[in-house]
Amino acid sequence: MSNKNLYDFLRGSFLTDESAFKNWRIIIFVVVLLLVMISSAHRADKKVIKIAELNKIKRELRAEYVDTETILMQMKMESNIRERAIEIGLNPSETPPKKIIVTQKK
């Protein structure tokens, strides 16, 4: 590249000469493509951050679920139910339950 061509390029004469319209169309097209690429990259980054936050919340809820399930299992144990029943004055029956059979006559 000669010194004159380099000097013309640095001055930006390729934007002001006769074929400038063709050059401007290409430049505008490239700029629009760059803006679209930057915009889509930012949206992708936001989605990645949102997914990471939701995964963190999911792990916390899963841990809370496991803790609650453990507490519920302990509350449902027969020994715990007996202790709570005795605290409110209920005692186990001394006589075993009797089976009632209902018959119908036709």
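Residue numbers count from 1 along this sequence.
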Tabulate below the donor-acceptor pairs under 3.5 Å that side-chain atoms of residues 60-87 make, not counting sequence neighbours, or state none.
from, atom 1, to, atom 2, distance (Å)
T68, OG1, E64, O, 2.8
T70, OG1, V66, O, 2.9
E78, OE2, R82, NE, 3.3
E78, OE2, R82, NH2, 2.9
N80, ND2, Q74, O, 2.3
R84, NH2, M75, O, 3.0

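Checking L35, I28, L33 one by one against V31, the side chain to side chain contact (heavy atoms under 4.5 Å, CB included) holds for a single residue, L35.
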request  = For the pair V32 and V30, evaluate side-chain contact (heavy atoms from CB on, under 4.5 Å) and give the outcome as yes or no after the intermediate values.
outcome  = CA-CA 5 Å; V32 168; V30 169; over 6 Å; no

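The side-chain contact (heavy atoms from CB on, under 4.5 Å) check on V48 picks up nothing, with sequence neighbours excluded.
Annotation: the span from R25 atom CZ to I27 atom CD1 amounts to 12.0 Å, rounded to 0.5 Å. I57 CD1 to R59 CZ: the interatomic distance, rounded to the nearest 0.5 Å, is 10.5 Å.
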